[in-house]
There are 2 protein chains.
Amino acid sequence: MTAQPHEHLTAAVLRPVRGHHAFEGCVEQLATAIRLGVYPVGTLLPPERELAERLAVSRATLREAIAALRQAGLVETRRGRGGGSTVTSQARGRLPGGLTKISSATKSEWLDALEFRRVVEPGAAHMAASHDLTGPDRERLTASEAAVHDATGKRAHRQADSRLHLTIASLSGSALLQQAVTSVQSTLDSMLGAIPSLEPNIGHSHRQHRQICRAIVDGHADRARKVMEDHCDDTAALLRGLLG
Amino acid sequence: MTAQPHEHLTAAVLRPVRGHHAFEGCVEQLATAIRLGVYPVGTLLPPERELAERLAVSRATLREAIAALRQAGLVETRRGRGGGSTVTSQARGRLPGGLTKISSATKSEWLDALEFRRVVEPGAAHMAASHDLTGPDRERLTASEAAVHDATGKRAHRQADSRLHLTIASLSGSALLQQAVTSVQSTLDSMLGAIPSLEPNIGHSHRQHRQICRAIVDGHADRARKVMEDHCDDTAALLRGLLG
DNA sequence: CGTCAATGGTCGGAGTTCATACCAATTTCT
DNA sequence: AGAAATTGGTATGAACTCCGACCATTGACG
């Protein structure tokens, strides 16, 4: 069994890029999607024509972006039926050609993202808990939570954590909310990547995840929101301390 | 005394527009800013060079957008020192040249905006109440609340209401949140504009505004959020009913 | 084995936007 | 009255993107 992309997350992670320099935006989007583990190593990206449509960009521009990823060693491309671009690595190293500054953010933007997160993620948890979840929904949620618990290695743990939060956002049913959470998780990932010596309290985090997921499946909206708020506060306190 | 623009709101209302068709985005941004009352009738828009920078667009493109507004009768332009584009009307009529479809949204997008609003606006109120507001901040808030109360006429009332909500968002101190609220208020305004026969319970709304503002200045974060949630729920219920 | 389908690869013209410099009008200051 | 500053108006060439069509390669299926 080869690795499978997490298609239920791509809708919000790959959002339209519009820009006179759409090329750079595409590179950032795709690199982020790979970084967050939406397309794990070994998986195939969607066909160029489909990706171009999702990113609201011409195929020519998308191809340039893929070429950059290929040059950076993130993907390999094969032709013909069944071909495509395969994710081969998630090297956190800077992309070549001056693309390092992409998605850079100032310190104040990082702090703002933490504030914003404390609103949207608890809100998403609240909304998700207010719905009557279907069986598959519940399965996806518990599977994501278990994946975080089982992940070994810092990078894998980080990705599984991102996916859990994105899954909760998707259960909210709001595309706008899911988009907001995706954006927040992306910058959060940048922050955690820029501070490699971070060692959060994994056990505590796992307990919070467990509580959040249980509250969501049990329909305890207020409780889900409160625990998520605490969860965000804990992460934020840790990061704020390291940012000075 | 001539009308003054609400400069403390423009930072979030006029957000960068990037796109090959940036022209249309500029028209929408400016029209929205005028529609929401950031630039009331009689006020002068910022100089072209400044507006172009804020919208992250070249002056040539911005000028085309202003030309469209001028052709639509929204602004008049004078040259020379002290010149500029003056807002002359807020006609809700469609902009000419096929620009009517700009900022159109499907019904599901509208419903999503209502869900999103129920998260971000209460979140903004909560965050604003958590801060120690300065004197001028409190004044702006109470003035905005009074303006809603005193507004006569449907259109004026709608604008004052938008400005109150945007002011609360700005007091949250989070640029991302303010941007989210701006986006939500913009689509909300579109919805209310598309349903002209709407007659909300003004008195009830005023009471809620009063309670929200009081909770914010008194620092009762949870209460501010709760009342704002109720406020959003009431509006949403009304709109959902009219959307079928 | 041959045809079809799916996919990446290539090309050229058209349309937008950008950046910059310069011109024109009008007010303000000296 | 004249100089300076501010603001809109104009022009040109480069860079980027888009769109569409077509080619090349590979695998699947009859």
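Letters A, B, ... are given to chains in the order of the sequence lines, protein chains preceding strands, and every chain is numbered from 1.
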Does R140(A) offer a backbone N or O that forms a donor-acceptor pair with the side chain of S144(A) under 3.5 Å? yes
Can you check whether R63(A) has a side-chain N or O nearer than 4.0 Å to OP1 or OP2 of dG9(C)? yes
Can you find a side chain N or O atom of T61(B) that sits less than 4.0 Å from OP1 or OP2 on dT16(C)? no
Any side-chain N or O of S85(B) under 4.0 Å from OP1/OP2 of dG8(D)? no
Can you check the L55(A) CG to dC18(D) P distance for me, whole Å? 10 Å
Give me the atom names and distance for the closest heavy-atom approach of M127(B) to V119(A). CE-CG2, 3.6 Å
Atom-to-atom span, CG of L44(A) to C1' of dG27(D) - whole angstrom: 13 Å
Will you find, in the side chains of Q178(B) and S170(B), an N or O donor that is under 3.5 Å from an N or O acceptor? no
Just to verify, what does R81(B) make a salt bridge (charged side-chain N to carboxylate O under 4.0 Å, His left out) with, not counting sequence neighbours? none
Which sits closer to the 5' end of DNA chain D, L62(A) or G82(A), going by the nucleotide each is nearest to? L62(A)
Measure CD/E64(A) against P/dC11(C) and give the value in whole Å, please. 13 Å
So which one's nearest nucleotide on DNA chain C is more toward 5', A60(A) or G84(A)? G84(A)
Taking only the side-chain heavy atoms of R70(A) (C-beta and beyond), determine which of dC18(D), dG8(D), dG9(C) contains the nearest atom. dG9(C)
Nearest whole Å is fine: how far is dG27(D) P from R78(A) CZ? 8 Å
Between T187(B) and S190(B), does the side-chain hydrogen bond (donor to acceptor under 3.5 Å, both in side chains) criterion hold? Intermediate values first, please. CA-CA 5 Å; T187(B) 69; S190(B) 299; over 6 Å; no
Applying salt bridge (charged side-chain N to carboxylate O under 4.0 Å, His left out) to R59(A) and not counting sequence neighbours gives E48(A)
All N/O pairs under 3.5 Å across the protein-nucleotides 21-26 of chain C interface:
from, atom 1, to, atom 2, distance (Å)
dT26(C), O2, R81(B), N, 3.1

Rounded to whole angstroms, how far apart are CD on E24(B) and P on dC18(D)? 14 Å
